[in-house]
Amino acid sequence: MTSAALLAMRERVVAAILSNPVVGPDSAATLARMNDPVQDCTFEELGFDSLARMEFCIFLETEFGISISSGEVEGSPSINAMAAYLAGMNAGR
Amino acid sequence: MESSLLANFRETCAKHGERPAIIDARGNLSYAEYGAQVGRLAASFHEQGLRLGEAVAVSITDERSHLLASMALVRLGCPQITFGGHDQPAQRQGLIARCRAVAVLATDASADDGAPVVIPDFERAASASACTDASLPVPDDGTVAALQTGSGTTGTFKVIPTSHRSLMLQALTRHMAVPTGIEYVPSPVEFLYSKKHRLRSAVTGYTGLLHATEHSHIPDICRRYGVDILRLSPAQMQSLVDFGIRLPEGVAVYVGGSRISGPLRAAFQSRQVRSLYVEYGATETGNIAVASPEMHDRYPDGVGPPLQGVQLEIVDDSGRPLPPNVEGLIRIRTPGMSSGYFDDDELTARTFPDGWYQGGDRGALTDDGVLVFGGRADDMMILNSINIFPAEIEKVAEGFPGVIDCAAFPMRSPVHGDIPMLAVVGAEACDLKALMSFCRERLGIRAPRKVVALAEIPRNPQGKVVRRELSARAADGEFQ
């Protein structure tokens with residue numbers, strides 16, 4: 001997996017969080033951290049609950065055709081972990 | 001005469017006083033204490049002005065508090081409406097006005113839902129010196145216990161009044177793998193599915209474990225508390241299959257609320273536990289049928305034979321019964337079914353013909369009496385067991401500036417079921433992003449998840465929207 005593929009996936013994860021109708025970053029500092037690939041941010045600190053996870057999955061599916069369950073979001077509980085998981089899924093196809 | 005629901009609750013509290021009614025992070029609450037607290041809370045609600053027959057909304061997220069308040073309303077005979085934490089203010093205010101609710105039970109006074117807030121005094125109810133409910137009027141079997149809401153075909157919520165008698169009979173009709181034990185519903189109490197099972201369990205003597213949690217922790221919690229019965233949503237079931245953290249042997253798992261595919265059942269039975277029960281039911285009727293663990297191999301789409309006391313027929317469009325193995329409309333009579341909808345005679349007449357409930361599901365009965373679910377007769381979408389009709393989305397979207405024509409349709413997802421989408425023919429100035437927010441504010445979780453602009457909505461020669469075509473285009477990735 002190239003780092004470009006990973007970065008592209010990270011952008012998708014961030015887009016999915018920013019579009020989430022239930023939760024989002026609570027400060028400019030968190031937002032900056034979300035957008036900085038060198039840093040990371042957990043879903044827990046973004047306030048994700050079960051509904052937020054469902055909405056996150058739905059966005060990935062409607063925007064990018066990526067199908068995952070809420071359980072898989074729990075299994076990769078931060079932006080970078082999620083991006084790596086999804087990029088791995090893509091590479092394995 | 002006292003309602004059978006209350007009589008059963010009182011009898012359970014008296015007979016099994018030592019048994020835990022509720023287990024949660026605070027510890028155990030015995031049936032004796034549960035009954036006493038419910039009585040004292042009902043008395044304090046009465047002091048706060050609530051009276052038999054008056055509708056009251058419940059907006060309490062703490063699970064134990066919610067259940068105590070809820071049972072106290074049952075005791076008082078106040079029909080209750082349940083608000084979810086994610087419900088939008090406009091939805092809440094609409095329901096309050098429509099059901100003429102006199103109060104909202106909440107734990108803080110800031111709620112602005114269009115009715116006065118009543119804050120329950122749980123501390124006082126927990127103290128044995130508080131006054132009791134002995135002198136309060138007693139609801140009877142016909143008293144409405146709950147005003148349950150559902151998605152409606154015409155674009156407005158349907159409100160289903162469920163009487164004390166219905167709730168009791170629904171509790172007795174459902175299938176339970178063990179006669180007593182710990183039942184765990186991981187979804188929060190504010191979810192209709194979760195709440196109705198908790199109320200049913202309270203009147204039949206089960207112990208309710210309250211522990212809303214991440215999907216990944218469910219197996220661990222089952223092990224820690226020795227859960228006997230676990231009720232999952234289809235999404236939770238899928239997550240447990242993905243995770244591979246095994247549930248302990250001996251847990252009986254019930255799942256329902258939308259179609260559970262054969263492959264998902266097989267994966268769950270091989271990677272999780274074999275004792276998987278797939279249920280079929282409706283808010284209007286309570287549980288209807290259940291497929292037991294040994295049936296899934298033979299009937300991957302089967303939802304089992306009808307439960308005891310349930311009458312079930314497959315009929316054609318004119319109501320004539322059809323022979324076995326022929327698919328048609330499912331109609332049902334259950335002991336605890338509701339008799340109709342609140343303030344909607346037309347929908348009641350259509351959905352409850354001749355004393356049957358005919359909600360628009362299709363299916364067939366096999367030679368040996370197993371119901372095989374065949375889908376919907378109409379355009380209803382099911383997103384993670386939430387029923388959504390295109391009409392309710394379209395009705396909202398049509399009120400947005402610049403929308404000329406629109407159609408809601410499902411994008412089929414292998415994981416979530418039907419993801420609602422909206423196709424719009426709009427004037428140039430129509431702001432699609434603002435339309436999304438507009439819908440979300442009014443529809444909450446029933447809102448479309450994506451709005452796409454089209455030059456025209458595909459319709460057949462009779463002018464009916466061809467949703468299949470829109471779904472197919474979504475499946476091809478055209479709207480990504």
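Just the heavy atoms: all of them, side chains too, but no hydrogens, waters or symmetry mates, feed the values below. Note that the structure is predicted; figures quoted are calculated from it, not measured. A, B, ... follow the sequence lines: proteins, then strands. Residue 1 opens every chain.
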Worksheet item: What part of B:Met421 gets closer than 4.5 Å to chain A, counting heavy atoms only: side chain, backbone, both or neither?
Response: side chain

Discussion item. Rounded to the nearest 0.5 Å, what separates atom CD in A:Glu55 from atom CZ in B:Arg440?
Written reply: 4.0 Å

Worksheet item: In terms of heavy-atom proximity below 4.5 Å to chain A, should B:Phe243 be classed as side chain, backbone, both, or neither?
Response: side chain

Practice prompt. Write down the atom of B:Gln480, the atom of A:Gly65, and the distance for their closest heavy-atom approach.
Written response: NE2-CA, 3.3 Å

Fill in: Residue pair A:Ser70 / B:His215: nearest heavy atoms and the distance that separates them
CB-CE1, 3.7 Å

Fill in: More than 12 heavy atoms from other groups under 6.0 Å of CZ on B:Arg468
no

Worksheet entry | Residues, nucleotides or ligands: over 12 heavy atoms within 6.0 Å of B:Gln93 CD | yes

Practice prompt. Determine whether A:Ser19 and B:Lys433 make a side-chain contact, defined as any pair of heavy atoms from C-beta on separated by less than 4.5 Å.
Written response: no

Discussion item. Looking at every non-hydrogen atom in both residues, tell me the closest pair between A:Met54 and B:Leu383 and how far apart they are.
Written reply: CE-CD2, 4.1 Å

Worksheet item: Which bit of B:Leu240 is near chain A, if near means a heavy-atom gap under 4.5 Å: side chain, backbone, both or neither?
Response: neither

Response to the item:
Taking every heavy atom of A:Ile58 against every heavy atom of B:Ile419, the minimum-distance pair comes out as CG2-CG2, 3.6 Å

Worksheet item: Counting N and O atoms only, with roles assigned by atom type, does the side chain of B:His416 sit under 3.5 Å from a partner on the main chain of A:Ser69, one being a donor and the other an acceptor?
Response: no

Worksheet item: In terms of heavy-atom proximity below 4.5 Å to chain B, should A:Val22 be classed as side chain, backbone, both, or neither?
Response: side chain

Worksheet item: Between B:Ser216 and A:Glu74, is any side-chain donor less than 3.5 angstrom from a side-chain acceptor?
Response: yes

